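Working notes, beginning with the structure itself.
Hydrogens, waters and symmetry mates play no part in the numbers below; they use all other heavy atoms, side chains included. Here is how names work: the chains are called A, B, and so on, in the same order as the sequence lines, proteins then strands, and each is numbered from 1. All of these numbers come straight from a predicted model, not from anything done at the bench.
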Amino acid sequence: MAERSPYRAVDPRPDFPRLEDAVLQRWRERDVFRESLRRREGAPAWVFYEGPPTANGLPGTHHVLARVFKDVFPRYRTMRGYSVERKGGWDCHGLPVEIAVEEKLGIKSKEDIERYGIAEFNQRCRESVFEYLEEWNRLTERIGFWVDLDDAYRTLDATYVESVWWALREIWDRGLLYEGHKVVPYCPRCGTALSSHEVALGYRDVADPSVYVRFPTVDADAPLEPGDVLLVWTTTPWTLVSNAAVAVDPDLIYVRARRDGEVYVVAEALMERVLGEDAELLDRFAGRELEGVRYEPPFFFLGAAEYGERGHTVLLGDFVTAQDGTGLVHTAIAFGEDDFRLGEQYGLRVVNPVRPDGTYDERIGPYAGTSVKDADPDLIGDLRGRGRLLREEVYEHAYPHCWRCGTPLLYYAKPSWYIATSRVRDRLLAANEAVDWHPEHIRHGRFGKWLENNVDWALSRERYWGTPLPVWRCEADPAHVHCVGSLDELAQRSGTELEDPHRPFVDEVTFACDDCGATMRRVPEVIDVWFDSGAMPFAQHHAPFENDEHFRAHFPAQFICEALDQTRGWFYSLLAISTLLFDRAPYENVVCLGLILDAEGQKMSKSKGNAVAPWEVLDRFGADALRWYFFTSKQPWDGYRFSLETIGEGVRQFLLQLWNTYSFFVLYANVNRVDREGGQAGRAELDRWIVSRLHATAEVVDRGLAGYDATTAGREIAAFVDDVSNWYVRRSRRRFWDGDPDAFATLRHCLVTVSQLLAPFCPFLADEIYENLDGGEPSVHLCHFPEPGSRDAQLEHDMAVAREAVRLGLAARGQAKLKVRQPLREAVVVAAGPERAAIERLAEVVREELNVKSLRFVEAADELGRYEVKPNFRALGPRFGKSMPQVAAAVASLDPAHVAAALREERPVGITIDGRDHDLTGDDLQLAMKPLEGYQLEREGSHAVALELALDEELRREGLAREVVHAVQAARKAAGLAVEDRISLTLGGDGELLAAARAHEAYVTGETLATSLRYDGAKAGEPATIEGRELRITVEKA
RNA sequence: GGGCGAUUAGCUCAGUCGGUUAGAGCGCUUCUCUGAUAAGGAAGAGGUCCCUGGUUCGAGUCCAGGAUCGCCCA
């Protein structure tokens, strides 16, 4: 039978992106993802929820970050034996989609949209949402994110919308869905309210007028006196026309103070700043005593009665500060959130004299039709003319502007639908307690604080492209309201079967009022998109209408993962809906991802031009490189400083190192025609060591992935691969070129196991290695995750000590400027006890690595250096506490040689502190070597290595022979020979070099695979220089 | 303005329960090893562990205040 190579040859210069494409092709052919799911059918479920992105823009690097973390843990759990459903999802609704379409259509306002037609507009939105779907799918596959995109849920589907309606109806039935007023930021030019996200886009520093206005009291009594004037501060003079009340802090101290003959009321803390040093303090009292004081409003367009009983009186508010102003806050119910809440609290009516276009209405007489901001100067002039203005300044602050058109936003009270989440705040907090957050501080930090300050969820949006609010209202009596809970219910009530539940179709559906029989029409609002995505645990399955059991078996999720900014977004909407409906958290573990910054620490953004597109990285380094960077460069929640260079570093540091080890294995396995199944792993001592290290690694990786810590797990793999490459293979090379089956079995076992450990992290490279070295399954991703095996802790420890001794020996060589190639007679190792035992056990390894003929052990280092004795603070600190300085002094005065001798014999050492004797044992003291002058010695802790430097003729010749071998190897390589090629070797040149080669001829021919060696090549061949002598080398393939 | 987090070598990051001499990689300089390696090894240069104060026998680590950066909210 013809011999054949057991393994496919490996390119030592891999092109990872190309290789990954080939692996992808294999996955497709073998249907590996589906197969991995099929094999776990019926297994215990481990549930992952996909937070849906919107596909109306190109996916960026931050999406890749999220998607690879969404991939690594499900892959791990699948390999661990769980059934991990990975249903994809797409978020389809919302203002961002509408805005993108508006831009495309070149329209800017709601009027434009209605002119264009809601049906057509929403159709454009529907198309726009999936505009980049192909691009998303392509990237998702390319980065190895295994998620089911064919069966992805889409929030625009009628089934999805129906499940959302079901949830709203449940909330309605619990009495938690209600209509109220809300103060929203809106752009008067665009005629639209803005989401908080949009508001955040538009903060600009502006200079606004800052006015101090006199509000004379009316019929004042104690603690005030007739004629006292309230001093009120505002930066929005235009809202003064609808002043409804003045707010003070009940606990803050206020004063009556006289200035220029007038008595003002201001907060004590602000008196001097506002009234100046000359103001005369007349009286002090708490803010609460001012409650109910009546005053003359700054303008008379709207009378007190318009606001109700408490109009134009002093009220108590919890939002008043003594930071700026006067401590008395002008309150205009319609134009501020605090104002609005206060109004609700005191039963004041909302009066809003501003039209949707930002101009005053006819109630404001001469100002009707004027833009409110433009009216500021005239209003201030008016106040001044009537003696009501104390002072005018300029106030510079950040104020939100419309991010689209730059118009300053106004705050404006509008009717709006709410979910009464604040009534279940305690349940939200309790649900949050049950969640494992990564990082942990989110629970009681950012997210916990957010929940503690929970306010009712403002659910409705006066927009077009979204899940319609399923609330119908009676034309005859607005108090008759009904929330529809399913498409069926709507069909039964109205007789209309809706195919598309979106606007405008749903708006046309009417039915008879249960209470009075009049016509019920839907309210115009759609709902917040966050409610859509928060409903995904059941809505993705169309539960409870279909698949209800499946939903219940897959709720809650064990794992979700999104960026940190989702605390206010998806993390919250999921939790809120789940708590409202099921009184529990919908997820058990959350991994929060940080932001991606550029190499300079600047936020990446398209506008700055510093964004790195994912494809740039994928095409240059490949997906595994990008994944590896995200997993191992740092803990993901801390954010990333992203650059191509950093990723390249990871490639060289880890991927190439692993690849080279793999390539080395295949090269020599094929050269030696090694039997795949031959040999036994972990028999020789070095083999047992690397296998033990492998098991240690498997433990850490398993624990890390189980605990959502990919960083520690990944770094552990890298450390192991380094041990394999730079120690195991390095020390075992001879066995590999001699074809030792045990060595091959051991290395193969390590590499195959690494491929399995690595599979969740770098699914491409892992599969490539597995496929070639094992291939027992169609893919590594169908394997079971490695179980940690038994370890030899003693051997691991001993090897660490031996490697330390090697490090010391190499350092000593470096100091002496003696090449490792030059053999030395002897290394003197100073070590005792377990350390000596460790080095003795691994003496061969140490000896070979240091290239010395023998190791000699000495226990006392007296001949090589002095000992130093130091206290072990860690052990002694708790025992001696405040006496530690004395202990340290006592230890310092001990005779080190005496201590060393005592400890060798395991006798205690006595010290005296404050007249009391104490025994110190080995654990209490640290012995360190201190080198003496003139010795070539390297020390570390209590052991050291010294080298015998003297060379005799024999050693010298052997060194030269090694130099000759080295030169021949270089010539072999230059001649382009394969590692297994036999050669005819001809040497010539310097007599001493040739003599050295002759003296070690068997060694030279053995090392260089020479079948013949001649010494007559004086004139021929490539010249090489060894220690100033010329060597001529002729290498011919034999 | 409030909340949360971060700040350690030129760069990217570790640093365990508080333990006295703070580490790694990259980059730089000088050596060196190599019948896989673009790799590896040794030495060197490089540190106000953001600052100030406190707790402690002992603080990069714990506490308080501040600075800077980032995120979220207002």
Side-chain angles (χ1 to χ4, degrees), chain A residues 10 12-13 196 199-200 203 319 321 323-324 337-338 397-398 400 439 441-442 444-450 452-453 563-565 567-569 594-595 597 599 601-603 629 632-635 637-641 643 645-646 648-653 656-657 659-668 671 711-712 715 718-719 722 725-727 729-730 733-734 736-737 806-815 817-821 849 851 870-878 880-888 928 938 965-966 968-970 972-973 977-981 1007-1009:
Chain A
V10 173
R13 297 258 187 106
S196 58
V199 173
Y203 272 92
F319 53 86
T321 73
Q323 296 288 321
D324 6 55
E337 194 155 350
D338 290 331
H397 61 150
H441 59 73
I442 301 286
H444 295 132
R446 184 180 284 216
F447 198 60
K449 291 283 189 299
W450 162 255
E452 281 170 23
N453 297 316
L564 207 54
D565 53 13
T567 34
R568 267 71 177 167
L595 238 73
L597 308 175
Q602 297 293 306
K603 190 175 172 177
Y629 166 76
T632 59
S633 70
K634 57 194 306 195
Q635 293 290 355
W637 37 84
D638 290 335
Y640 294 83
R641 288 219 175 181
S643 68
E645 287 67 32
T646 337
E649 194 177 302
V651 172
R652 282 191 299 278
Q653 198 72 42
L656 273 179
Q657 191 181 29
W659 185 264
N660 286 326
T661 309
Y662 158 65
S663 152
F664 170 87
F665 172 88
V666 169
L667 179 63
Y668 284 100
V671 164
T711 311
T712 305
R715 288 176 176 176
D722 189 71
S725 173
N726 286 325
W727 193 246
V729 170
R730 177 183 169 83
R733 265 184 296 216
R734 170 75 53 195
F736 286 103
W737 41 85
V806 165
R807 196 182 68 75
L808 295 174
L810 289 176
R813 268 192 182 270
Q815 288 297 310
K817 300 226 176 288
L818 264 176
K819 298 176 168 185
V820 178
R821 224 176 282 143
E849 184 68 18
N851 195 17
K870 304 186 91 176
N872 179 0
F873 284 92
R874 191 167 215 152
L876 295 173
F880 289 97
K882 295 197 184 207
S883 310
M884 273 311 287
Q886 290 151 272
V887 174
E938 289 292 324
V965 167
H966 177 59
V968 174
Q969 302 295 19
R972 279 186 61 115
K973 203 166 196 172
L977 297 177
V979 294
E980 71 273 25
D981 286 340
E1007 289 295 303
T1008 60
L1009 302 185

Taking the nucleotide of RNA chain B with the nearest heavy atom to each, does H441(A) or P12(A) sit closer to the 5' end?
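Here H441(A) is the residue nearer the 5' end.
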For [X], answer base if it contacts any base atom (sugar-phosphate contacts may also be present), sugar-phosphate if it contacts only those atoms, and nothing otherwise; contact means non-hydrogen atoms under 4.0 Å.
{"X": "R821(A)", "result": "sugar-phosphate"}
{"X": "V729(A)", "result": "base"}
{"X": "L1009(A)", "result": "base"}
{"X": "S725(A)", "result": "base"}
{"X": "E1007(A)", "result": "base"}

Is a side-chain N or O of [X] found less than 3.5 angstrom from the main chain of [Y], in a donor-acceptor match?
{"X": "D981(A)", "Y": "A978(A)", "result": "yes"}
{"X": "T567(A)", "Y": "L564(A)", "result": "yes"}
{"X": "R715(A)", "Y": "S633(A)", "result": "yes"}

Out of curiosity, [X] [atom1] to [Y] [atom2], how far, rounded to the nearest 0.5 Å?
{"X": "L667(A)", "Y": "W737(A)", "atom1": "CG", "atom2": "CH2", "result": "10.5 Å"}
{"X": "D722(A)", "Y": "W727(A)", "atom1": "CG", "atom2": "CH2", "result": "12.0 Å"}
{"X": "H444(A)", "Y": "K449(A)", "atom1": "NE2", "atom2": "NZ", "result": "8.5 Å"}

Which is it for L656(A) and V651(A) under the side chain to side chain contact (heavy atoms under 4.5 Å, CB included) test, yes or no, and what are the steps along the way?
CA-CA 6 Å; L656(A) 273 179; V651(A) 172; 4.3 Å; yes
Please report the distance, rounded to the nearest Å, between [atom1] in [X] and [atom2] in [N].
{"X": "F664(A)", "N": "rG35(B)", "atom1": "CZ", "atom2": "C1'", "answer": "9 Å"}
{"X": "H966(A)", "N": "rC33(B)", "atom1": "NE2", "atom2": "P", "answer": "7 Å"}
{"X": "N453(A)", "N": "rC72(B)", "atom1": "CG", "atom2": "C1'", "answer": "12 Å"}
{"X": "N660(A)", "N": "rU37(B)", "atom1": "CG", "atom2": "C1'", "answer": "4 Å"}
{"X": "R733(A)", "N": "rG40(B)", "atom1": "CZ", "atom2": "P", "answer": "14 Å"}
{"X": "R730(A)", "N": "rA42(B)", "atom1": "CZ", "atom2": "C1'", "answer": "11 Å"}
{"X": "N851(A)", "N": "rG41(B)", "atom1": "CG", "atom2": "C1'", "answer": "14 Å"}
{"X": "F880(A)", "N": "rG18(B)", "atom1": "CZ", "atom2": "P", "answer": "21 Å"}

Using the [atom1] atom on both, measure [N] against [M] and round to a whole Å.
{"N": "rA43(B)", "M": "rG60(B)", "atom1": "C1'", "result": "27 Å"}
{"N": "rC11(B)", "M": "rC51(B)", "atom1": "P", "result": "16 Å"}
{"N": "rU29(B)", "M": "rA14(B)", "atom1": "P", "result": "28 Å"}
{"N": "rU56(B)", "M": "rC62(B)", "atom1": "C1'", "result": "10 Å"}
{"N": "rG66(B)", "M": "rC72(B)", "atom1": "P", "result": "23 Å"}
{"N": "rU16(B)", "M": "rC26(B)", "atom1": "C1'", "result": "26 Å"}
{"N": "rG5(B)", "M": "rG10(B)", "atom1": "C1'", "result": "26 Å"}
{"N": "rU7(B)", "M": "rU48(B)", "atom1": "C1'", "result": "14 Å"}

Run the numbers on R730(A) and E849(A) for side chain to side chain contact (heavy atoms under 4.5 Å, CB included), then give the verdict.
CA-CA 9 Å; R730(A) 177 183 169 83; E849(A) 184 68 18; 2.5 Å; yes
Tabulate protein N/O versus nucleotide N/O from nucleotides 54-58 of chain B, keeping only pairs under 3.5 Å, one per line.
{"unit_1": "rC57(B)", "atom_1": "OP1", "unit_2": "K882(A)", "atom_2": "NZ", "d": "3.2"}
{"unit_1": "rC57(B)", "atom_1": "OP2", "unit_2": "K882(A)", "atom_2": "NZ", "d": "3.4"}
{"unit_1": "rC57(B)", "atom_1": "N1", "unit_2": "G881(A)", "atom_2": "O", "d": "3.2"}

Would one find a side-chain N or O of Y668(A) under 4.0 angstrom from OP1 or OP2 of rG35(B)?
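Y668(A) to rG35(B) OP1/OP2: no side-chain N or O under 4.0 Å.
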Tell me, what's RNA chain B's dot-bracket, Watson-Crick or G-U with both distances under 3.5 Å, | for other-strand, [ ] crossing?
(((((((..((((.....[...)))).(((((.......))))).....(((((..]....)))))))))))).
Considering only nitrogen or oxygen atoms on both sides, find all protein atoms under 3.5 Å from nucleotides 13-17 of chain B and state each distance.
{"unit_1": "rC13(B)", "atom_1": "OP1", "unit_2": "K634(A)", "atom_2": "NZ", "d": "2.7"}
{"unit_1": "rC13(B)", "atom_1": "O2'", "unit_2": "R715(A)", "atom_2": "NH2", "d": "3.2"}

ring-ring contact (aromatic ring centres under 6.0 Å, His included) against F880(A), all qualifying residues, sequence neighbours excluded
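Testing F880(A) for ring-ring contact (aromatic ring centres under 6.0 Å, His included), a comparison that skips the adjacent residues, returns H918(A).
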[X] to [Y] - nearest heavy-atom pair and separation:
{"X": "Y668(A)", "Y": "F736(A)", "value": "CB-O, 4.0 Å"}
{"X": "N660(A)", "Y": "P12(A)", "value": "OD1-O, 3.9 Å"}
{"X": "N851(A)", "Y": "R821(A)", "value": "ND2-O, 3.2 Å"}
{"X": "T1008(A)", "Y": "R972(A)", "value": "O-NH1, 2.8 Å"}

Please enumerate all protein N or O atoms sitting under 3.5 Å from an N or O of nucleotides 65-67 of chain B, with distances to 0.1 Å.
none

Can a salt bridge be assigned to the pair R734(A) and E1007(A) using a cut-off of 4.0 Å between side-chain N and carboxylate O?
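Yes, this pair counts.
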Pick out the pairs of N or O atoms, protein on one side and nucleotides 24-27 of chain B on the other, that lie under 3.5 Å.
{"unit_1": "rG25(B)", "atom_1": "O2'", "unit_2": "Q653(A)", "atom_2": "OE1", "d": "3.1"}
{"unit_1": "rC26(B)", "atom_1": "O2'", "unit_2": "E649(A)", "atom_2": "OE1", "d": "3.4"}

Which of these nucleotides, rC4(B), rA38(B), rG35(B), is closest to any side-chain atom of K449(A)?
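Of all the options, the side chain of K449(A) is nearest to rC4(B).
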May I ask you to check whether Y629(A) and Y640(A) place their ring centers less than 6.0 Å from one another?
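They qualify: ring centres under 6.0 Å apart.
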Parallel under 30°, tilted from 30 to 60°, perpendicular over 60°: which one fits the rings of W659(A) and Y662(A)?
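W659(A) vs Y662(A) ring planes: perpendicular.
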Is there a donor and acceptor pair, one atom on the side chain of R446(A) and one on the base of rC71(B), closer than 3.5 Å?
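Result: at least one qualifying N/O pair found.
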